[in-house]
Amino acid sequence: MNKKFLITGIACTLVAFVLSMVIHGLFMFEDYSKLPNLLRPQSEAQTLFHFMVLAHVSMGFAFAWIYRQGMTPGVSWVLQGIRFGLAIAFLMTIPIYLIYYTIQPWPGMVVVKQIVFDVAVLIINGLVAAFINRE
C-alpha cells in the first residue's frame, strides 16, 4: 500500500469525522432535535456509533483513492483540491440531500444547511488530499 494513500485516507477520515461531528452534533443539533419523527433518539443512535465510524473510514479511503486517480500535473494543488471537493459534492452530497428532501418531510432550511456545511467539509477534505499529494 502506498504511504501517501494511507496518510491521505487517514487524514480524510479524521477530517470528515471531526467536522461532521461538529456540524451535525453541534451546529445542527437544535435543528435535528425538532425532528424526532425523522431521526433516532440519541441514546439509540449511540448504540450504532460503530456504523458511523465505518462510514467515515470508508469515505476517507474512497476519497483518497479517487483523488489519487484524477490528479492533474501542472495544476495547483489548491485548485485540484477545490475541484475535487466540488465534484464529490455534486456526485453525492447535493443529490442525496435533495432526494431525501423529496421523499422525507425535511424542512427546506435544514436541507440547505446540510448541503452548505457538507459541501464545505468536502472542499476542506479535497484540500487536505491535494496538500498531502501535491508535487
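In this text, all values refer to a predicted model and were calculated from it rather than measured experimentally. All values below come from the heavy atoms of this structure, side chains included, with hydrogens, waters and symmetry mates left out.
When all heavy atoms of Ala89 and Pro95 are compared, the pair lying nearest together is O-CD, 3.6 Å. Counting all heavy atoms, side chain and backbone alike, Ile132 lies closest to Ala11 at CD1-CB, 3.6 Å. Of all heavy-atom pairs spanning Leu127 and Val78, the tightest one is CD2-O, 3.5 Å. Between Asn37 and Pro105, the closest heavy-atom pair is ND2-CG, 4.2 Å. Looking at every heavy atom in both residues, Leu39 comes nearest to Trp106 through CD2-CH2, 3.8 Å. Of all the heavy atoms in Val75 and Gln80, the pair that sits closest is O-NE2, 2.8 Å.
For the atom pair CE of Met71 and CZ of Arg134, the computed distance is 11.5 Å after rounding to the nearest 0.5 Å. Note: Ile115 CD1 to Ile96 CD1 = 11.0 Å, rounded to the nearest 0.5 Å. Between the CZ atom in Phe61 and the SG atom in Cys12 there is a gap of 9.0 Å [rounded to 0.5 Å]. Atoms CZ and CE, from Phe17 and Met52 in turn, are 7.5 Å apart once rounded to the nearest 0.5 Å.
Side-chain rings of Phe131 and Phe84 stay apart, their centers remaining 6.0 Å or farther from each other.
Follow the hydrophobic side-chain contacts under 4.5 Å out from Ile88 and you never reach Ile23; the two are in separate clusters. Linking ILVMFWY side-chain heavy atoms closer than 4.5 Å, directly or via other members, places Trp77 and Phe63 in two distinct hydrophobic clusters. Leu38 and Leu48 sit in two unconnected hydrophobic clusters of ILVMFWY residues. Membership requires side-chain heavy atoms under 4.5 Å apart, directly or through other members. Residue Val15 is not grouped with residue Val116 when hydrophobic side chains (ILVMFWY) are merged at heavy-atom distances under 4.5 angstrom, including chains of intermediate members. Residues Val22 and Phe29 do not share a hydrophobic cluster, defined by chaining ILVMFWY side chains whose heavy atoms lie under 4.5 Å apart.
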Worked verdict on Val112 versus Met109 for side chain to side chain contact (heavy atoms under 4.5 Å, CB included): CA-CA 5 Å; Val112 169; Met109 200 59 214; 4.1 Å; yes
Tell me, with the steps shown, if Tyr97 and Asp118 meet side-chain hydrogen bond (donor to acceptor under 3.5 Å, both in side chains). CA-CA 10 Å; Tyr97 283 126; Asp118 283 353; 2.5 Å; yes
Apply the test side chain to side chain contact (heavy atoms under 4.5 Å, CB included) to residues Leu122 and Leu86: give CA-CA distance (whole Å), side-chain angles for both, the deciding distance (0.1 Å), then the verdict. CA-CA 7 Å; Leu122 289 171; Leu86 286 172; over 6 Å; no
Output, in order, the C-alpha distance, side-chain angles, deciding distance and verdict of side chain to side chain contact (heavy atoms under 4.5 Å, CB included) for Met21 and Leu26. CA-CA 7 Å; Met21 295 298 286; Leu26 293 177; over 6 Å; no
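Proximity of a side-chain donor or acceptor of Asn133 to a complementary backbone N or O of Ala129 within less than 3.5 Å is detected. Proximity of a side-chain donor or acceptor of Glu135 to a complementary backbone N or O of Pro73 within less than 3.5 Å is not detected. Of the possible polar contacts, one joining the Ser76 side chain to the Leu79 backbone as a donor-acceptor pair under 3.5 Å is found. When atom types are taken as modelled, the side chain of Thr13 and the backbone of Gly9 share a donor-acceptor pair closer than 3.5 angstrom.
Enclosure of atom CD in Glu30 is not indicated, since only 12 or fewer non-hydrogen atoms of other residues, nucleotides or ligands lie within 6.0 angstrom. Surrounding CD of Gln42 are at most 12 heavy atoms belonging to other residues, nucleotides or ligands under 6.0 Å away. Shown here is Tyr101, whose OH atom has no more than 12 heavy atoms of other residues, nucleotides or ligands within 6.0 Å.
Applying the side chain to side chain donor-acceptor pair (under 3.5 Å) test between Asp31 and each of His24, Lys113, Gln114 identifies Lys113 as the sole match.
Between Met59 and Asn125 the shortest side-chain heavy-atom distance does not fall below 4.5 Å. Looking only at side-chain heavy atoms (C-beta outward), Trp65 and Thr8 stay at 4.5 Å or farther from each other.
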